[in-house]
Amino acid sequence: MRFSTLIVVTIFLGLISVSVHDAMTCIKTLGSRVENTRDCYAAKSFIAESFKNTCEGKGFESLEQWQLCCRAMFKLEYIAWCPAENFMIDEAAERGAPKLMYGKWIAGAPFEASSGEVFYRSQN
């Protein structure tokens, strides 16, 4: 009877170890996804907010410097900016509102989710 108990306990421990291994693998994968998502959000947030601040005259000295620094910091494949009137009709600007500025960036693998675009019109 002791030998049969040993076999049952061994099978039970084997099943538990397989379950724990699967759980740890899932936790590791989920942790990687969370870290990737956090990094993408931080990059997108920084690039958009620094664009707005640069348009206001804070932060970077110019949009060219913003472009160069963000490309280097986040290893972007593409980053550019221009006045929105270059590609769309801006009726508010025609009525005397400040220019609408546009920024766009494309991130490479594995941070494609941090790609984005931002529009900004000064409140002054």
Side-chain angles (χ1 to χ4, degrees):
M1 184 151 126
R2 288 184 179 213
F3 184 69
S4 62
T5 304
L6 179 64
I7 291 175
V8 170
V9 169
T10 304
I11 291 172
F12 182 70
L13 289 176
L15 291 174
I16 288 176
S17 67
V18 168
S19 297
V20 168
H21 179 268
D22 288 346
M24 294 304 288
T25 303
C26 288
I27 289 170
K28 184 178 177 182
T29 303
L30 185 59
S32 297
R33 286 183 184 173
V34 167
E35 187 175 326
N36 187 340
T37 302
R38 185 192 66 226
D39 292 345
C40 288
Y41 174 78
K44 186 179 269 191
S45 177
F46 177 83
I47 295 169
E49 289 301 316
S50 63
F51 178 80
K52 293 174 186 178
N53 286 338
T54 303
C55 289
E56 281 288 322
K58 306 176 211 166
F60 294 106
E61 292 178 12
S62 67
L63 288 171
E64 290 86 5
Q65 185 185 21
W66 165 82
Q67 183 178 20
L68 293 172
C69 288
C70 289
R71 174 177 282 151
M73 285 173 58
F74 300 107
K75 297 176 181 62
L76 301 175
E77 291 180 2
Y78 173 82
I79 183 170
W81 59 273
C82 68
E85 64 190 24
N86 289 358
F87 63 91
M88 63 181 266
I89 298 170
D90 185 9
E91 294 174 0
E94 292 172 0
R95 287 182 267 135
K99 274 199 303 189
L100 181 65
M101 297 299 290
Y102 171 74
K104 179 177 178 73
W105 60 96
I106 299 173
F111 302 108
E112 293 91 357
S114 64
S115 298
E117 57 187 345
V118 62
F119 286 90
Y120 183 75
R121 184 185 312 274
S122 175
Q123 301 300 319
N124 300 336

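In this structure, NZ in K52 is found 13.5 Å from CZ in R121, a value given to the nearest 0.5 Å. The structure places CG of N36 at 15.5 Å from OH of Y41, a figure rounded to the nearest 0.5 Å. From Q67, atom CD reaches atom OG of S62 across 9.0 Å, with rounding to the nearest 0.5 Å. Of the inter-residue distances, the one linking L100 atom CG with E91 atom CD reads 12.0 Å to the nearest 0.5 angstrom. Rounding to the nearest 0.5 Å places CD of E85 at 15.0 Å from OH of Y102.
The neighbour count for R38 CZ, taken as heavy atoms of other residues, nucleotides or ligands under 6.0 Å away, is above 12. The environment of CD1 in I7 is crowded: more than 12 heavy-atom neighbours from other residues, nucleotides or ligands sit within 6.0 Å. Residue-environment remark: CZ (F12) stays at or below the threshold of 12 foreign heavy atoms within 6.0 Å.
With contacts defined as side-chain heavy-atom distances shorter than 4.5 Å, the pair M73/F46 qualifies. Here the side chains of C70 and W105 are not in contact, with every heavy-atom distance at 4.5 Å or above. Side-chain atoms of V118 and W81, non-hydrogen and from C-beta on, never get closer than 4.5 Å to each other. The side-chain heavy atoms of I79 and W66, taken from C-beta on, include a pair separated by under 4.5 Å. In this structure, D39 and S114 have side chains that are not in contact, with every pair of non-hydrogen atoms separated by 4.5 Å or more. Looking at Q65 and C69, their side chains come closer than 4.5 Å, going by heavy atoms from C-beta outward. Contact annotation: the side chain of V8 never approaches that of S4 to less than 4.5 Å [non-hydrogen atoms, C-beta and beyond].
With hydrogens and angles disregarded, no donor-acceptor distance shorter than 3.5 Å links the side chain of S45 to the backbone of A42.
Both F51 and F74 are assigned to one and the same hydrophobic cluster, defined by single-linkage of ILVMFWY side chains at heavy-atom distances under 4.5 Å. Y120 and L63 end up in the same hydrophobic cluster when Ile, Leu, Val, Met, Phe, Trp and Tyr side chains are linked at under 4.5 Å. By the rule that hydrophobic residues join a cluster once side-chain heavy atoms approach within less than 4.5 Å of another member, I16 and I27 end up as members of one cluster.
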